[in-house]
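Following: one structure in structure tokens, then a few remarks.
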Amino acid sequence: MNSSIQFQPIQSIPAQAAVFFAFEDSAPLTGLPGVDQWAAGLYSSGEFTGKLFELAILHTPAGLAANRAILLGAGKAAKLDHSLARKLGGATVRSLKSKSILALAVALEGPWQTPEFVQALAEGALAGNFEPDEHKSKKESKQIESVVFAAPGGSTDLAEALHRGAVLGAAQNFARDLINQPGNILPPVELAARAAHMAASQGLAVDILDEHRMRQLGMGSLLAVAQGSAQPPALIVLRYEPAEPKGDVHLGLIGKGVTFDTGGISIKPSENMEKMKYDMAGGAAVIGAMMAIAQLKPSVRVTALIPAVENMPGSQAVRPGDIVRSYSGKTVEILNTDAEGRLILIDAITYARQLGVNRIIDAATLTGAITIALGAVHVGAFSNNDGWQNELLAAAKAAGEKMWPMPMDDDYKDLLKSAFADMPNIGSRGAGSITAALFLREWVEDTPWVHLDIAGTAWLDEPKPFLSKGPTGVGLRTFVELVRRLESLS
Ligand code: BES
Ligand code: MN
Ligand code: ZN
């Protein structure tokens, strides 16, 4: 999808449809008689009320270069914020492409002409255009070809905002495409190849550690998870080095990359197991964020690490009770092979710290328990540092991704005791997301860190008017926003 902005009134822009956002309570006033009279009639008869995502279409509107005028319900005017703008961008694209209306012009009037809304509309429009139908011979819907934003009172800051939004939307779709790939098509080595290809085309440095190098380094925890699969593991490392770094922040973004999670010997029930292809959603969000960072070029150093494995119950698989030595030297008693995410993350965390990373964010589809706690709405955010957690939560808010702080009280540590090794890989009963985070904290030590449990939010079971069913790419926009903020902080 091609997006652009023009600083001229919408009536002169040729398109298959000219879209006007219409709030509840009063008909829109566009200054275009052909549109305003039509809208006034719809509102006074009650045929159209402006409720969220409602749609009305007028063919061959008088005085417009476009073939159609469209009213898209925007809800209550007082509720307009960037989150709503993002959804409206998505809903516009999704409702029109389902009607094969593929070249759009969108009128930005009055309150819409701010960088914040323009960026959000572009992000939403691109994200809305994504369909998880790559492997279907017959596509369910066509793709929107172009969206032109008409902002007669706009200037270059709106053009920059549109560029940011387009970069973020495309990066999010890149991540969603990775997440959507099934385990057979995207095993660890293929995830690494796609990350390396993206990195090379964007000018990022890349290093893929293979099994041999990980063995030399002593990454016994990550390799224990990998050993049950015929698919070799990979530790993907991507580096963004700014031309002129400001300050001494070196951010480490770590994403869980389990390309398929059967549970291993502690095997999962077969019902819904197919969904476990999204167990690399954290890794994909990190890879996509690096793609956006490479294009937006902030002056902050960022290193991304994605431990990639397949968790399988092969004949060489790790057994419950096995004790492994992690890269840091701490030993782990593997009581449940389905708690594999934390086992691969801890070796990546130690490696990140060794590379000089001094702040860490990790994103992982880590526990089913986070869905019990927060459902499919909020990401759970766990941290060892309140200041750093607040930075992350502020970035999430600005990026329109809902995240909620979770407790990491030491009292929960009593649940994590191993009789035979330094740590067990699961807690005993209750607070499953918290004990998982506490486990990770043992390897993070004093580096400021936030762990994001995205198991509940990385996959949409039902489509929304503004987003398809399937992978969401959650986390990505927050990471990029956080890096932008670190730039002015350092
Ligand atoms: N990948 C799963 C977590 C998950 C569950 C993600 C549902 C998305 C949807 C993770 O590896 C896992 O299996 N966690 C276990 C931990 C348990 C064994 C302590 C879980 O949540 O059941
Ligand atoms: Mn698991
Ligand atoms: Zn998993």
Side-chain angles (χ1 to χ4, degrees), residues 179-180 183 186-188 191 221-222 224-229 231 233 254-285 306-313 317-322 332-346 348 362-380 382 406 412 415-418 423-440 451-461 470-475:
I179 299 165
N180 190 46
L186 197 90
L191 179 62
S221 185
L222 189 160
V225 179
Q227 76 193 35
S229 170
Q231 297 291 344
I254 304 180
K256 173 176 173 181
V258 175
T259 59
F260 194 79
D261 183 11
T262 65
I265 297 299
S266 314
I267 200 161
K268 287 182 180 296
S270 54
E271 198 184 342
N272 294 329
M273 203 205 269
E274 73 283 356
K275 268 179 71 182
M276 281 301 114
K277 68 177 183 177
Y278 90 91
D279 213 15
M280 35 59 76
I306 302 94
V309 300
E310 184 180 54
N311 188 21
M312 293 283 271
V318 71
R319 312 153 192 81
D322 281 6
V332 180
E333 184 184 13
I334 300 179
L335 293 174
N336 188 318
T337 67
D338 197 11
E340 85 296 341
R342 60 199 82 180
L343 294 173
I344 65 170
L345 289 169
I346 57 173
D362 83 70
T365 46
L366 204 62
T367 66
I370 200 68
T371 313
I372 307 299
L374 298 175
V377 177
H378 283 89
V379 171
F382 304 77
M406 296 289 287
Y412 288 106
L415 302 175
L416 266 181
K417 290 241 153 63
S418 164
M423 286 287 277
N425 78 325
I426 56 166
S428 58
R429 258 185 302 128
S433 304
I434 299 175
T435 51
L438 281 170
F439 178 87
L440 297 177
H451 156 59
L452 301 175
D453 195 332
I454 59 169
T457 45
W459 189 267
L460 260 186
D461 282 326
T472 62
V474 72

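All ligand and atom numbering here is 1-based and tracks the order in the structure.
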Please classify the [X] to ligand 1 contact at 4.0 Å (heavy-atom distances, strictly less than): side chain, backbone, both or neither.
X: Asp338; value: both
X: Lys275; value: neither
X: Lys256; value: side chain

Does [Y] offer a backbone N or O that forms a donor-acceptor pair with the side chain of [X] under 3.5 Å?
X: Asp453; Y: Ala455; result: yes
X: Thr472; Y: Thr457; result: yes
X: Thr337; Y: Ile265; result: yes
X: Thr262; Y: Asn311; result: yes

N/O/S atom name from Asp279 that is nearest to the position of the Zn ion (ligand 3):
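This turns out to be OD2.
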Of all N/O/S atoms in Asp261, which lies nearest to the Mn ion (ligand 2)?
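So the atom name we want here is OD2.
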Minimum-distance atom from the Mn ion (ligand 2) among N, O or S atoms of Glu340
OE1
Hey, is Lys275 close enough to Asp461 for a salt bridge, meaning N to O under 4.0 Å?
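Result for this pair is yes, salt bridge flagged.
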Check each of Phe260, Phe439, Tyr278 against atom 9 (C) of ligand 1 and report the one with the nearest heavy atom.
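Of the listed residues, Tyr278 has the closest heavy atom.
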Mark up the atoms of ligand 1 that fall under 4.0 Å of a heavy atom belonging to [X], in ascending order.
X: Arg342; answer: 16 (C), 19 (C)
X: Glu340; answer: 11 (O)
X: Lys268; answer: 2 (C), 12 (C), 13 (O)
X: Thr365; answer: 1 (N), 2 (C), 3 (C), 6 (C)
X: Ile426; answer: 19 (C)

Separation between NZ of Lys268 and CG of Asp338, rounded to the nearest 0.5 Å
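Answer rounded to 0.5 Å: 3.5 Å.
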Compare all side-chain heavy atoms of Asp261 with those of Met273 and state whether any distance is below 4.5 angstrom.
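They are not in contact (no side-chain heavy atoms under 4.5 Å apart), so the answer is no.
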Closest non-hydrogen atom pair between [X] and [Y], with its separation:
X: His451; Y: Ala364; answer: CE1-CB, 4.3 Å
X: Ile370; Y: Ser433; answer: N-OG, 3.0 Å
X: Lys277; Y: Trp459; answer: CE-CH2, 3.6 Å

Indicate whether atom 22 (O) of ligand 1 is within a distance of less than 4.0 angstrom of some protein heavy atom.
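For atom 22 (O) of ligand 1 the answer is no, since every protein heavy atom stays at 4.0 Å or beyond.
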Report yes or no: does Lys256 have an N/O/S atom closer than 2.8 Å to the Zn ion (ligand 3)?
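It does; at least one qualifying atom falls short of 2.8 Å.
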Closest protein heavy atom to [atom], given as residue, atom name and distance to 0.1 Å:
atom: atom 2 (C) of ligand 1; answer: Asp261 OD2, 3.5 Å
atom: atom 6 (C) of ligand 1; answer: Ala455 CB, 3.6 Å
atom: atom 7 (C) of ligand 1; answer: Met276 CE, 3.7 Å
atom: atom 14 (N) of ligand 1; answer: Leu366 O, 3.4 Å

Could you please compute the angle at the Zn ion (ligand 3) from OE2 of Glu340 to OD2 of Asp261, rounded to 10°?
90°
N/O of [X] under 3.5 Å from N/O of ligand 1, yes or no?
X: Thr367; answer: no
X: Asn336; answer: no
X: Gly368; answer: yes

Would you say the Mn ion (ligand 2) has Asp338 as a near neighbour, meaning an N/O/S atom of that residue under 2.8 Å away?
yes
